[in-house]
Structure formats: structure tokens, C-alpha cells
Amino acid sequence: MKAKTTRILITGAHGQLGQALLANLPWLPEFSPSRLRMEIPEASLVSGSAVKPRSAIAPGSAIEIVALGHQQLDLTSADLPERLSEINADVIINCAAYNAVDAAEQDMAAAMALNAEAPERLAIWCRQQGAWLIHISSDYVFGNVFGNVFGNDLGSVFGNVSGNASANMLGNAPRALTESDVCEPLSLYGQSKLAGEQRLLKANPGALVLRTSWLYSRFGSNFVLTMGRLLTERPELKVVADQVGTPTWAEALARLIWQLLIWFHLKPEKSAVLSGCFHYAATGQCSWYLFTQEIAEQIAKPQCNSAPSSQAAPLQTASPSQAALQSQATLHSAANPAPITPRCRITPVSTAEYGALLNRAQAPRPAYSALDSSALKDAMAAMPSAFRCYLPKDYPSPIWLSWQAQLALMLSGLGASSLG
């Protein structure tokens, strides 16, 4: 009998989510790290050749991974269909995107090419070849769904803004946004992401769009790594307090995607596991200001020995326990075991005030874009429970945790260790 093989193409493999997917492979009992081959031509970037691990997901089965960055696979090139046919993937996870929100205001053509036209071309190829497409989108497809819910009085919305983050309540904040809420993006970036969703699903209704929000991780450049550094370097940080959303750990999203992929692999017929548009974010909501306060508080806790480093270690082929040590080495300083207490004052400001401080034009952002993930959670709850036996007991499941709990896992270095 011919062995069952699922070939997975990860586009945008140099980005946060691409690296998180590769750093969170489902390590199975008979998985052979020695068979996992990667090329790392640049620091902390994974790219190049096919990754072909031997998998114990099912007897005689295998998962092959092809992880490519922009230089290896340009999604805007004319020969994209031919390149895709050469790779011949059963699943494509499209992590590639034009994410420069402000720059998109001056370069809409580039944003549309990567965020709208490329997903449509991927969708057409997948439909023609019978492959499943998972596409990552953004909360910025929403505008001010509930109007100017916060007004100009930040104190009335966030309570005692000088208190700690856990004490501040978003009492006046509306419900989290569902997939049925109207999308009216305020920025050209948001317009390009919405156009990508619409074109993709029109070309291939069997594709899956996952909207997520405020991604951060130990990889690349992101809000948590930047704030962790600035909190120890500056006497004061002025942070926007009238934009509310849901911070989401990229490695939690990666593990959710792996669960979907394992289910796809185990299906007798390779067909879409889920289709349409779903939201995924951590639970809860906060402003950028409250997010910064929480980062500061967690960095000051004993289990966090330093602010996070923006230089992620190169991806290693390791077991979950080894990966935990690597994560701790990245996030902590062995030479300084004492907890760091940032002596930085965190001051809430409005979006308008922050724009004036930057002294440059900013793309408009939604005032409220917290995402409700309950539809996806319900859909995944209906998945056969049998597939879970293929995930080791020490394979973490932080998927449905609060944003504070996900942040704690990332900062404490426990993200790749046992969660119980």
C-alpha cells in the first residue's frame, strides 16, 4: 500500500507566524528530528528546501513541509501557478502579507498585490488542484463598528489609568466582533486585507480565512519585544489608550493550525476541514496602554529574569522540553537572575495625541477590534477526539487562554514546555 503523505506549503515562512509554525511542529513519539532538514541562510529565518520529517501520525503516513520566504517564492510573480505546481502541496498556509500599515497609505499597489491579488491566485490554484488553502487575515478589516465608543474621556472608560493593568476594566467596551459584523476598513491596509478575503473566498469557497489580531511572539519585531526593551531603557512611555483589541500569541495560533492540519491528514479523503471565515484571538480585550502595563507587570515577576530579547534564536529541531530551554535562553539572562522591575512611567494618550508625538502621518486604526473566536471554538469542538492522541501529553494547548495567560507563557519561557 502506498504511504499516505500530506505535503504542506508555508508561505511567508520568515514572518512571525511562519516561524511559529515551524517552531511548534507536533512532536510525535516516533518523530525523527534527524530526518528534519532545514536551511537557515539568514539569522533566525527558516527557508529554502522541503522539510520532510518522518511522522508517526498514522502507520505508513508522512507529512512533508515546504517552508518558503519571499525570496524563495514571490507570490506576486507571473510564474506563481507553475511554481505551485512544482511544489504540488496538499495544503497551503498563506502567512505572507504586506503588513506595513502606514506605508500602505502611500503604496496601495504593493499592498493590494500581496494582500489581495496573491491570495486570489493561491485560491484559484488550490481549487483547480483540490488543495486546501488556509489564509491569515487581520482585525483591521473592521472599522468603528460601534461608532466612537470611547469618546474623549479615557478615564471614564479605563477607570484608574494609573493603577495596575489587572485592575482596569473595560466596562464600557462593547461585545467582541463576530464574523457577521460589517467590515468597513479605515485604512488602505485594511482595505487590501478585506479585498484578499473576498477575492479568495469567491474564487475558492472551500478555503479557510483565519482573522487574527495583535500578533506577538519571540520572533521578529513586535509590540511585546519592543515594549519589553523600551520599558528598561526609557523613563516614560506614552501609549495609545483608545484603541482596544485582543493581543494574540502567534505560537498559540500556530498550534491551532497544526491541530487543523493533523485532522486534515487523518481524513480518509483530503478535503477542507473548515471553510469560510473564522476569527481566532486569545480571550479578553485591552488597549495598547493596558497591554503595556501587563507586559511591565509580568516582566517584573520573579519567573521573568529579563525583558524579552528582539533577537530570536535560530530554529532548532528539538523536543518540547528542549524547546522550553531554548525559549528560556532567548527570553532570560542567565547572568542576571534577579527580577527586573521597570522604572518606566506608562502614560495613556489618545490616538490623536500619539500621532502628534510621532510628527508623521499615520493610517487610521479601528478604535475597537476585539475578536470573538467562539464560532471557531465550537467548530473545532466537533472535531473527532481521536486525533488528539497523536499530540504528546507535553504538547502545549494555550489556544483558548486569555491574552494575559498567553503573554505569561511567552514571557516566562514556558510556551514550548508542559502546560498540563
Can a side-chain donor-acceptor contact be found between [Y] and [X] if the only test is distance below 3.5 angstrom?
| X | Y | result |
| --- | --- | --- |
| Gln243 | Thr351 | yes |
| Asp242 | Ser350 | no |
| Ser217 | Gln16 | yes |

Audit row: His70, Tyr98, ring-ring contact (aromatic ring centres under 6.0 Å, His included) steps and yes/no: CA-CA 11 Å; His70 175 73; Tyr98 185 106; over 10 Å; no
Does Ile136 offer a backbone N or O that forms a donor-acceptor pair with the side chain of Lys193 under 3.5 Å?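 Yes: the side chain of Lys193 pairs with the backbone of Ile136.
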Taking only residues two or more places apart in sequence, or in another chain, which ones meet Asp372 in a salt bridge (charged side-chain N to carboxylate O under 4.0 Å, His left out)?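 For Asp372, no residue satisfies salt bridge (charged side-chain N to carboxylate O under 4.0 Å, His left out) once neighbours in sequence are set aside.
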With Glu120 via salt bridge (charged side-chain N to carboxylate O under 4.0 Å, His left out) - residues at least two apart: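 Per chain and number, Glu120 pairs via salt bridge (charged side-chain N to carboxylate O under 4.0 Å, His left out) with Arg199.
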Any idea which heavy atoms bring [X] and [Y] closest together, and the distance?
| X | Y | answer |
| --- | --- | --- |
| Phe219 | Leu225 | O-CD1, 4.2 Å |
| Asn204 | Arg127 | ND2-N, 3.5 Å |
| Glu179 | Cys277 | CG-O, 3.3 Å |
| Asp102 | Ala363 | OD1-N, 2.8 Å |
| Ser369 | Pro366 | CB-CG, 4.0 Å |
| Leu371 | Thr246 | N-OG1, 3.8 Å |

Mind telling me whether Phe291 and Phe223 have parallel, tilted or perpendicular rings, with 30° and 60° as the class edges?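 The arrangement is parallel - the two ring planes meet at less than 30°.
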Anything under 30° is parallel, anything over 60° is perpendicular, the rest tilted; go ahead and classify Tyr280 against Trp400.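 Tyr280 and Trp400: perpendicular rings.
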Decide, yes or no, whether a salt bridge links Arg175 with Asp181 under the criterion of side-chain N to carboxylate O below 4.0 Å.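 Yes.
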Do the charged groups of Glu251 and Arg255 touch, with an N to O distance under 4.0 Å?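 Salt bridge flag = yes for Arg255 with Glu251.
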Given the rule in the ring-ring contact (aromatic ring centres under 6.0 Å, His included) test, do Trp403 and Trp214 qualify, once you have shown the distances and angles that lead to the verdict? CA-CA 10 Å; Trp403 66 267; Trp214 297 20; 8.8 Å; no
Walk me through it: do Leu215 and Asn222 pass the test side-chain contact (heavy atoms from CB on, under 4.5 Å)? CA-CA 8 Å; Leu215 282 185; Asn222 58 73; over 6 Å; no
